[in-house]
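Presented below is the structure to which this report refers.
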Amino acid sequence: MTQPTTSNPTDFIRDIIDDDLRTNKHEGRVATRFPPEPNGYIHIGHAKSVCLNFGIAQQYQGTCNLRMDDTDPLGESMEFVESIIHDVRWLGFDWADRLFYASDYFERLYSFAVELIRSGDAYVCSLTPDEIREHRGSFTEPGRESPYRNRSVEENLDLFSRMRAGEFADGAHVLRAKIDMASANIVMRDPIIYRIKREPHYRTGTDWVIYPMYDFAHCLSDALEGITHSICTLEFENNRPLYDWFVEKLIPGPRPKQIEFARLNLSYTVLSKRRLIELVKNHFVQGWDDPRMPTVTGMRRRGYTPEAIRNFCAQIGVAKNDNLIDISLLEHCVREDLNAHAPRALCVLHPLRVVIDNYPEDLVEEIECPNHPQDPDMGTRKLPFSRELYIEQDDFLEDPPKKYHRLGPGREVRLRNAYVIRYESMVKDEKTGQVIELHCSYDPGTRNAPPADGRKVQGVIHWVSARHAVPAEVRLYDRLFRIEDPGSEEDYTKHLNRESLEILSSCYAESSLGTTEPGLKYQFERLGYFCADPDTAPGKPVFNRIVPLRDSWAKAAGGRKG
RNA sequence: UGGGGAAUCGUUCAAUGGUAGGACAACGGACUCUGACUCCGUGAAUAUAGGUUCGAAUCCUGUUUCCCCAGCCA
């Protein structure tokens with residue numbers, strides 16, 4: 001039944017859409033929307049929703065609107081609108097001319113509210129916030145009806161228009177739907193649909209002092225836009241009866257349907273807006289675009305690609321189970337994309353000086369080497385080779401174990417793309433005893449060729465020519481938290497990984513990297529994938545480690561140590 | 001405690017009354033001028049107790065566990 005050539009995902013939401021299409025529920029139309037509130041930056045959890053909504057639209061030749069759900073002026077701003085637009089576009093999606101704002105519907109929403117008052121389905125309630133809470137009851141006790149519940153239509157109309165006119169203070173009155181104070185579902189106990197808030201709105205300014213609540217605005221915005229499937233997260237499941245109540249009262253069919261799926265949780269990070277804000281505000285990270293942040297802007301700066309993120313979202317699937325996705329799946333998707341597309345380069349993070357004693361003093365060879373071992377189309381570049389080099393400190397051990405395929409006394413190793421060299425001697429710092437320089441000899445016949453005598457050289461290490469190398473700063477990132485599910489902890493900040501950022505300021509990159517530009521991505525061979533940071537200055541590149549390469553040696557060695 | 005949801009390998013998604021499958025992770029091996037990539041292989045799950053049925057992850061009943069809801073946030 002499955003066609004291997006078409007890999008359109010399938011999930012319970014698409015099953016519902018298939019059914020609706022079969023029964024011609026919306027004349028074959030599929031219309032979704034991504035409805036962020038512009039009060040923060042979007043993160044990988046939003047990306048899941050973006051991919052779901054826009055992905056469904058693509059798959060069914062439907063439409064997906066981008067709609068700012070901006071019904072609470074507090075904290076909303078154009079800055080966030082712009083960041084959301086930028087991020088969703090960067091993720092690879094397009095909404096043509098269908099960028100909408102709930103705030104553009106304020107006048108129509110107001111009319112809907114008046115309609116509700118006229119039909120006796122809404123009333124102005126003048127209880128204080130505390131009294132309203134008290135009247136709401138609890139899980140086990142039904143609520144009590146507001147004494148204002150049976151005001152006349154005329155009085156409600158008058159009061160509501162005066163609310164709009166700004167005659168009352170914040171909190172003096174609210175407009176409520178007249179539903180059922182005894183409902184087992186607390187959402188249905190005469191929910192508030194308008195509140196007075198003397199707060200300028202970033203788009204409507206001071207035009208309004210009353211603002212509609214989410215439950216009222218969202219479903220009607222969907223209806224106004226002709227949304228067929230209104231996809232949201234599980235915590236809104238309780239609100240669905242209210243969603244239906246409003247559209248049934250106010251919208252002649254066919255009506256939008258709300259479908260809920262489980263939001264994404266990612267291991268070793270937090271994905272709640274509140275916590276992300278705290279990380280930024282309390283300077284646990286350096287900003288919304290800190291490469292350790294799970295925000296789209298952070299991941300972009302880190303060097304994650306839209307392809308990788310989209311692929312990740314496709315792989316995690318869509319269901320109603322609470323989940324905690326292993327961050328290694330995200331890393332896998334990032335490596336998968338970068339392995340195919342990132343050019344290779346050599347960069348030494350912890351330099352150890354090497355002198356090739358038998359190499360001519362002033363000779364410089366230009367070694368032409370491929371930018372990608374499996375993709376000749378990515379071309380070649382010239383790598384200067386000379387007598388003095390840097391290699392990685394890790395690639396030499398005074399007393400190496402047997403399976404260590406690198407340099408040590410009596411050992412030889414291949415310099416990537418260049419010669420085989422043999423250890424001759426070392427120079428130690430007299431005070432610390434640390435090895436500060438190696439002397440080696442090279443085998444002139446091994447450039448681009450195996451040793452003539454057929455001996456096997458197992459190890460290959462990366463290097464740069466000391467004279468030609470470009471000094472670079474490299475920033476290594478690790479998981480933000482030390483525990484798998486910090487979001488479930490009351491005091492999650494105490495589980496922050498204090499070593500999530502390591503700055504290496506004296507690295508040496510191959511000369512070709514001197515002209516890199518922010519955003520360019522590479523695989524530094526044997527190390528990982530790296531992305532030039534915006535902090536890069538001419539001649540002084542700064543690289544972010546996107547993700548390390550898988551390292552079965554480190555794993556084995558680590559296990560041995562422990 | 002009332003209501004709304006969810007329970008399948010370590011993690012996650014699938015199987016829609018008919019062989020429990022994929023991905024990630026783990027482990028073993030092959031290949032290798034990246035201890036990468038790639039390839040091959042291994043182990044690993046239906047929360048629980050009954051019932052219906054030739055046959056149950058799937059249907060029924062009970063039990064257990066987890067998540068959401070008492071904002072004038074979304």
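Protein chains get the first letters and strands the later ones, always in sequence-line order, with residue 1 at the start of each. The shown structure was predicted, so the numbers you read here are calculated from the model rather than taken from an experiment.
A/Ser552 comes within contact range of the sugar-phosphate backbone alone, with a heavy-atom separation under 4.0 Å but no base atom that close. If you check every strand for non-hydrogen atoms under 4.0 Å, A/Glu331 touches nothing. Among the atoms of the strands shown, none is found under 4.0 Å from any heavy atom of A/Tyr419. Among the heavy atoms of the strands lying under 4.0 Å from A/Leu549 is at least one base atom, whether or not backbone atoms are also near. Among the atoms of the strands shown, none is found under 4.0 Å from any heavy atom of A/Val457.
Taking the side chain to side chain contact (heavy atoms under 4.5 Å, CB included) definition, one finds that A/Ala217 meets it with A/Thr71, A/Leu109, A/Pro212, sequence neighbours left out. Partners of A/Pro142 under the side chain to side chain contact (heavy atoms under 4.5 Å, CB included) rule, at least two apart in sequence or in another chain, are A/Ala182. Every side-chain hydrogen bond (donor to acceptor under 3.5 Å, both in side chains) that A/Arg263 has, sequence neighbours left out, goes to A/Glu235. Scanning for ring-ring contact (aromatic ring centres under 6.0 Å, His included) contacts around A/Phe524 gives A/Phe530, A/Phe543, with sequence neighbours left out. Here A/Asp443 pairs with A/Arg455 under the salt bridge (Lys or Arg N to Asp or Glu O under 4.0 Å) rule; sequence neighbours left out. Applying the salt bridge (Lys or Arg N to Asp or Glu O under 4.0 Å) test to A/Glu79 and every residue at least two apart in sequence or in another chain returns nothing.
Screening residues 168-185 of chain A for side-chain hydrogen bond (donor to acceptor under 3.5 Å, both in side chains), with sequence neighbours left out, gives A/Ser126-A/His173. Residue pairs satisfying the ring pair (Phe, Tyr, Trp, His ring centres under 6.0 Å) criterion with at least one member in residues 312-337 of chain A, sequence neighbours excluded, are absent.
Using a 4.5 Å cut-off on side-chain heavy atoms (C-beta onward), A/Met163 and A/Phe168 make contact. The shortest side-chain heavy-atom distance between A/Leu175 and A/Ile117 falls under the 4.5 Å cut-off.
Comparing the C1' positions of B/rA70 and B/rC9 gives an interatomic distance of 39 Å, to the nearest angstrom. Comparing B/rA14 with B/rC33, their P atoms are spaced 43 Å from each other, to the whole Å. B/rA49 and B/rA57 are spaced 13 Å apart, taking the P atom of each and rounding to whole Å. For the C1' atoms, the distance linking B/rU48 with B/rA25 amounts to 28 Å, nearest Å. Distance noted for atom P between B/rU61 and B/rU11: 29 Å (whole Å). Spacing of P atoms, B/rU38 relative to B/rG4, comes out at 48 Å, to the nearest Å. Taking atom P in both B/rU58 and B/rU53, one finds a spacing of 16 Å when rounded to whole Å. Rounded to whole Å, the C1' atom of B/rU16 lies 12 Å from the corresponding atom of B/rC59.
The distance between atom CD of A/Glu392 and atom C1' of B/rG35, rounded to the nearest whole Å, is 14 Å. A straight line from CG of A/Asp15 to C1' of B/rU16 spans 9 Å, rounded to a whole angstrom. The CH2-C1' distance, from A/Trp553 to B/rU34, rounds to 16 Å in whole Å. For the pair A/Ile44 CD1 and B/rU12 C1', the interatomic distance rounds to 15 Å; values are reported in whole Å. Taking atom CG of residue A/Asp485 and atom C1' of nucleotide B/rG10, one finds them 15 Å apart after rounding to whole Å. Rounded to an integer number of Å, the gap from A/Asn321 CG to B/rC66 C1' is 11 Å. Atom CG in A/Asp395 sits about 13 Å away from atom P in B/rU34, given to the nearest Å. What separates CD1 of A/Ile421 from C1' of B/rC33 is a distance of 13 Å, to the nearest Å.
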Seminar exercise, completed: Reading nucleotides 18-27 of chain B from 5' to 3' and marking B where a protein heavy atom lies under 4.0 Å of the base, S where only the sugar-phosphate is that close, and - otherwise, the string is -----SSSSS
Exercise. Going 5' to 3' along nucleotides 68-74 of chain B, which nucleotides have protein heavy atoms under 4.0 Å from the base (write B), which only from the sugar-phosphate (write S), and which from neither (write -)?
Worked result: BBBSBSB
Problem set entry | Pairing pattern in dot-bracket form [Watson-Crick, G-U; both distances under 3.5 Å; | = partner strand] for RNA chain B | .((((((..((((....[..)))).(((((.......)))))....(((((..]....))))))))))).....
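Side chain to side chain, A/Tyr214 and A/Glu37 fail the donor-acceptor criterion of an N or O pair below 3.5 Å. For the residue pair A/Glu510 and A/Tyr522, no side-chain donor N or O sits within less than 3.5 Å of a side-chain acceptor on the partner. A side-chain donor from one of A/His218 and A/Arg33 sits under 3.5 Å from a side-chain acceptor of the other.
Looking at residues 339-351 of chain A, you'll see A/Asn339, A/Arg344 sit with a heavy atom under 4.0 Å from some atom of RNA chain B.
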For this session: Could you check A/Ser49 against A/Asn53 for side chain to side chain donor-acceptor pair (under 3.5 Å), going step by step and ending with a plain yes or no?
Result: CA-CA 6 Å; A/Ser49 174; A/Asn53 280 293; 3.3 Å; yes
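B/rG71 shows a glycosidic angle within 90° of 0 and is accordingly assigned syn.
Positionally, the nearest nucleotide of RNA chain B for A/Asn323 lies more toward the 5' end than for the other of A/His405 and A/Asn323.
Using a 4.0 Å cut-off between a side-chain N of Lys or Arg and a carboxylate O of Asp or Glu, A/Arg406 and A/Asp394 do not qualify as a salt bridge.
Considering every non-hydrogen atom in both A/Asn265 and A/Leu271, the closest pair reads CA-CD1, 4.2 Å.
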